[in-house]
Amino acid sequence: MLKAAVVLRKIKDTDLKTNLKQLKEKIIETILMLSGAATSITVVLIVFFLFIEGAGVFNRKPIDDGFILAVNATNQVKGLHPSQIKDIFDKKITNWNQVGGDDRPIVLFRTSDITDYYTEEELGPDFEYFPEKINELIQKQPGIIAFFSDKYKSDQFVGKELDIDKIKVWEFLSGEEWFPTAQPIAQMGVKPLIYGTLWVSFGAILLALPIGLAAAIYLSEIATKRTRSLLKPLIELLAGIPSVVYGFFGLVVIVPLIQSTFNLPVGETALAGSVVLAIMALPTIITISEDAMRNTPRAMKEASLALGASKWQTIYKVVMPYSASGITAGAILGIGRAIGETMAVLMVTGNAAVIPHTLLAPVRTIPATIAAELGEAPNGGLHYEALFALGCILFLITFGINMLVELVTNRKSHKKH
């Protein structure tokens, strides 16, 4: 009986330990599941918030809230394109017949111009007659176009407000001028920023890929074990250097070098940004490519050598084709970093929002634009929402690159199976 009781107690202790172990495992599994779910939900919410804010710009007119553009009631022009309004206030368009109106000179009026027409006494000590005088001026001047706050709009307003279209997606993407703080009409063309981002990134990958591939071949197939153990940590250390340090290096070394080499007025160009980003992308390209090459089966290399191929022929004909998917993935991830880089590019590219036609011209990229302007954009304003729309474009570009990486990786897996 005593032995049976001892055995029974041991069985109960074992069951208890097993139950406790299972409970502990379930708790750990639950914590891991909640952690993964929280991360996924956070990412989805961030993307959702980004697109909600960015889409808001397409529900607005390219004029600041609380301001209006008005003309004389007899003016035949009903609406103007934002670029036409800009040209009018830049005095590139000086007659209404250039925009479909009568043959009449255009008279520009801003709020600050009121003293050119009326004295302070006529406006009143507290400017209480301001709305009345603006109304009177618009009525007396047939060729006027007036830009003023709607708080100065008279209750007996006799002018005609110009119809301004909301910002359209295609015009936003194809517009060639980025000047979101322009008065009276903001210029929301992101084409120069997209081109600038692609030019700098394309230049970076053209520079980084050959160098990175050469370094990966050396580390994987040529370097001794001691040399590899010394060089690989140093290369990976490059990825940990803050981007602002790369920016300072580019500003002090690369920019003056490009300026003197190509005899340019300024060295802050797309080429300078490409060189800096190429250096920043090298660790990613080298590490992933080298790992892919080292995963080439030893039997394949030995078979190639046994058939009489030289070491270089084996690398070219066997190692590189086998690891092509890994090399491609490394290159794509490298350019993914280049596209999203901010500080280094902001410091060395010149920040000129113009469409580049050469790598030796100043450019502005999407990340640099967001970093430079977001702090000055009023929360919830037109400029603020336009910068979020830029973030959406950048997200779609990087998302496409990630999908390309997945496609390349899956293709590699299918080939192996």
Side-chain angles (χ1 to χ4, degrees), residues 34-65 82 165-182 186-202 204 242-244 273 277 280-281 284 332-346 349 351 353 363-407:
L34 291 174
S35 176
T39 304
S40 302
I41 291 171
T42 302
V43 171
V44 170
L45 288 176
I46 290 173
V47 173
F48 179 75
F49 171 75
L50 174 68
F51 276 86
I52 287 295
E53 288 290 333
V57 73
F58 303 114
N59 293 321
R60 305 181 65 155
K61 296 180 179 181
I63 187 170
D64 287 339
D65 292 336
D165 292 335
K166 292 181 180 179
I167 299 171
K168 296 181 176 63
V169 175
W170 173 246
E171 291 178 354
F172 185 77
L173 295 174
S174 62
E176 298 186 0
E177 287 191 73
W178 174 259
F179 195 180
T181 57
Q187 303 300 306
M188 295 290 187
V190 301
K191 191 175 180 180
L193 308 182
I194 296 174
Y195 275 36
T197 302
L198 296 178
W199 268 84
V200 171
S201 302
F202 184 67
S243 60
V244 70
L277 289 183
M280 297 178 70
T284 303
I332 294 171
L333 288 174
I335 197 169
R337 179 176 184 186
I339 288 176
E341 184 50 51
T342 302
M343 281 308 301
V345 178
L346 183 64
T349 54
N351 289 315
V363 297
R364 179 185 286 189
T365 64
I366 291 175
T369 302
I370 296 172
E373 298 181 7
L374 190 59
E376 301 174 357
N379 190 6
L382 179 64
H383 187 190
Y384 181 85
E385 291 183 343
L387 292 176
F388 271 88
L390 284 180
C392 295
I393 295 172
L394 188 63
F395 171 82
L396 291 174
I397 293 173
T398 53
F399 181 76
I401 289 172
N402 288 334
M403 289 297 100
L404 192 55
V405 171
E406 288 291 329
L407 184 64

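For the residue pair Gly334 and Thr284, the shortest heavy atom distance occurs at N-CG2, 4.0 Å. Nearest heavy-atom pair, Gly189 versus Pro192, reported as atom, atom and distance to 0.1 Å: O-CD, 3.6 Å. The minimum heavy-atom distance between Pro62 and Leu382, with the atom names listed, is CA-CD2, 3.7 Å. Nearest heavy atom pair, residue Pro82 against residue Gln187, reads O-NE2, 3.4 Å. In this structure, Leu50 and Gly391 approach most closely via the heavy-atom pair CD2-O, 3.9 Å. Closest heavy-atom contact between Phe172 and Ile393: CE2-CD1, 4.0 Å.
With hydrogens and angles ignored, the 3.5 Å screen pairs no side-chain donor or acceptor of Asn379 with any backbone N or O of Tyr384. Remark: side-chain polar atoms of Thr349 are not paired, donor with acceptor, to backbone N or O of Gly273 under 3.5 angstrom.
Note that CE of Met188 is 5.0 Å distant from CD1 of Ile167, once rounded to the nearest 0.5 Å. Rounded to the nearest 0.5 angstrom, Ile370 CD1 and Phe388 CZ are separated by 9.0 Å. Separation of atoms OG1 (Thr365) and CG (Leu277) is listed at 8.0 Å; rounding is to 0.5 Å. For the atom pair OG1 (Thr197) and CD1 (Ile366), the distance works out to 4.0 Å, reported to the nearest 0.5 Å. Rounded to the nearest 0.5 angstrom, Leu45 CG and Ile52 CD1 are separated by 11.5 Å. Atom OG1 of Thr369 and atom CG of Leu387 lie 8.0 Å apart (nearest 0.5 Å).
Checked against side-chain contact (heavy atoms from CB on, under 4.5 Å), Pro242 has the following partners two or more places apart in sequence or in another chain: Val244, Val245. Partners of Tyr195 by ring pair (Phe, Tyr, Trp, His ring centres under 6.0 Å), not counting sequence neighbours: none found. With sequence neighbours excluded, the residues satisfying side-chain contact (heavy atoms from CB on, under 4.5 Å) with Asp64 are Phe67, Gln183. A search for side-chain contact (heavy atoms from CB on, under 4.5 Å) contacts involving Phe399 returns Phe395, Met403, not counting sequence neighbours. By the side-chain contact (heavy atoms from CB on, under 4.5 Å) test, Glu385 is found to be paired with Glu53, Val57, Arg60, residues two or more places apart in sequence or in another chain being considered.
Within a 6.0 Å sphere centred on CZ of Phe202, heavy atoms belonging to other residues, nucleotides or ligands number 12 at most.
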Report, one line per pair, each donor and acceptor closer than 3.5 Å where one atom sits in a side chain of residues 174-182; sequence neighbours left out.
from	atom 1	to	atom 2	distance (Å)
Ser174	OG	Trp170	O	2.7
Glu177	OE1	Lys86	NZ	3.2
Trp178	NE1	Glu373	OE1	3.3
Trp178	NE1	Glu373	OE2	3.2

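Between Leu394 and Pro367, some side-chain heavy-atom pair lies under the 4.5 Å cut-off.
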